[in-house]
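To keep things clear, I will list the structure first and then write my remarks on it.
Worth saying up front: this structure is predicted, and the values here are computed from it rather than measured. Position 1 is the first residue of the sequence; numbering continues from there.
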Amino acid sequence: MTAADAPLCRIVSDEELAEPLKTVDRIGWLGGNIRGWKVLCLAAGGGRQSCLYAAAGADVTVVDLSPAMLELDRQAAARRKYSVRLFEGSMDDLSMLPPQSFDLVVHPVSSCYLPDVAAIYAQVARVTRPGGLYISQHKSPVSLQGSMQRGNGHYELRHDYYRTDPVPPPDMSNPVSSRLRESGAVEFLHRWEQLIGGLCRNGFVVEDLVEPLHASADAAPDTFADRARVIAPYVRIKARRNVATSADSSVPSPTEPTIWLPQ
């Protein structure tokens, strides 16, 4: 994909860097200022995410499995004179990073490439400080189950929900399948119980959840935007490292709620 100059492998543009935090945080989950934060861009190589967070004033580290994607980060950072640390590695092994060392872990869509999302969560929990944020985006389970085009006017569920083996590749090649799944990719379905419950079981509190809108009411049949009218392709989750289950419970969470209990 890097060699083919795919859209996901293009260095950040000057237009995006004009308002970097707005570019990466349109929802406002980060509170408008991350200057001085230690940020881990997990499986987020490619020369875009790292530079945007660095431009917003963060101290940025990138972990990605692809040397080619990390090279794009190196080039982009050098071009704009940002200091960015780069590590080649897998999402489920962050042993090269010290514990409780990040205020924010940003994790774009990639968990589908590993069979056990809980293993990823456990690694993220280890490197996130108490009260720190973990913002991750995943493929919706039903999107991985669904057909790539309408049949008899409807999209169909093609694959079992309770599965441990990879989801079969699309049975056809069209613009929708190309957008949703890279050619040759091996992908695993993670159930809602695993995506949300797994966060809770690994010491996170879910603060918000959105399904980014890709639908269009006037989309032509059998297009990506048409399918998104029926099946939301992605889910984005905001979670905070729970102080009570962290190794250092002496560090207060900046947004820990006060719970009123009846006398």
Side-chain angles (χ1 to χ4, degrees), residues 1-111 113 120 123-138 182 212 234 236-241 251 254:
M1 292 175 65
T2 305
D5 191 32
L8 293 176
C9 308
R10 292 176 186 165
I11 289 175
V12 66
S13 67
D14 292 337
E15 291 75 19
E16 291 173 312
L17 283 170
E19 295 184 90
L21 198 54
K22 183 177 179 180
T23 300
V24 294
D25 185 34
R26 297 184 184 279
I27 303 173
W29 281 352
L30 302 181
N33 185 2
I34 62 168
R35 187 164 297 281
W37 287 25
K38 295 186 180 301
V39 174
L40 170 61
C41 293
L42 182 60
R48 184 174 183 274
Q49 300 271 351
S50 58
C51 283
L52 286 166
Y53 286 100
D59 179 1
V60 178
T61 299
V62 183
V63 173
D64 200 283
L65 192 63
S66 167
M69 293 290 269
L70 290 171
E71 174 60 19
L72 292 178
D73 285 280
R74 189 196 65 77
Q75 293 176 12
R79 181 182 303 175
R80 294 182 168 87
K81 295 181 170 47
Y82 296 137
S83 177
V84 175
R85 284 178 298 279
L86 307 175
F87 292 94
E88 181 183 340
S90 180
M91 295 173 277
D92 58 352
D93 182 5
L94 303 180
S95 56
M96 77 291 284
L97 303 174
Q100 299 187 12
S101 52
F102 294 100
D103 303 292
L104 169 65
V105 178
V106 179
H107 188 187
V109 176
S110 57
S111 61
Y113 302 127
I120 303 171
Q123 290 293 304
V124 174
R126 188 185 70 82
V127 302
T128 305
R129 69 164 180 82
L133 287 175
Y134 175 34
I135 295 178
S136 58
Q137 187 159 305
H138 310 266
E182 298 87 356
Y234 309 111
R236 185 179 298 150
I237 307 168
K238 176 189 179 186
R240 191 175 297 276
R241 187 74 170 96
V251 183

Heavy-atom closest contact ([X] atom, [Y] atom, distance):
X    : Y    : value
L21  : N33  : CD2-N, 3.6 Å
L30  : D25  : N-OD2, 2.8 Å
V62  : S50  : CG2-CB, 3.5 Å
A76  : G47  : CB-O, 3.6 Å
P212 : Q137 : CG-OE1, 3.9 Å
A43  : M91  : CB-CG, 3.7 Å

Salt bridge or not between K38 and D59? Use side-chain N to carboxylate O under 4.0 Å.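 So K38 pairs with D59 through a salt bridge.
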Just by distance, do the side chain of [X] and the backbone of [Y] share a donor-acceptor pair under 3.5 Å?
X    : Y    : answer
R48  : V12  : no
S90  : D93  : no
R74  : L86  : no
Q123 : L94  : yes
R126 : L97  : yes
D73  : G46  : yes
S111 : H138 : no

Hey, could you give me the [atom1]/[atom2] distance between [X] and [Y], rounded to the nearest 0.5 Å?
X    : Y    : atom1 : atom2 : answer
D103 : L40  : CG    : CG    : 11.5 Å
T23  : Y53  : OG1   : OH    : 10.0 Å
E88  : M96  : CD    : CE    : 9.0 Å
I11  : R80  : CD1   : CZ    : 7.5 Å
R240 : L104 : CZ    : CG    : 10.0 Å

Quick check: do [X] and [Y] have side-chain heavy atoms less than 4.5 Å from each other?
X    : Y   : answer
L133 : W29 : no
F102 : T61 : yes
Y82  : V60 : no

More than 12 heavy atoms of other residues, nucleotides or ligands under 6.0 Å from CD of E19: yes or no?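 No - once you tally the heavy atoms of other residues, nucleotides and ligands closer than 6.0 Å, there are 12 at most.
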Aromatic plane relationship, H107 with Y134 - under 30° parallel, 30 to 60° tilted, over 60° perpendicular: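 Aromatic pair Y134/H107 classed parallel.
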Can you check side-chain contact (heavy atoms from CB on, under 4.5 Å) on L52 and L17, steps first, answer last? CA-CA 6 Å; L52 286 166; L17 283 170; 4.0 Å; yes
Do D64 and S66 pair up side chain to side chain, a donor and an acceptor below 3.5 Å, judged on atom types alone?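 Absent: no donor and acceptor within the cut-off.
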After noting the C-alpha distance and the side-chain angles of R236 and I27, does the key distance pass the side-chain contact (heavy atoms from CB on, under 4.5 Å) rule? CA-CA 11 Å; R236 185 179 298 150; I27 303 173; 3.6 Å; yes
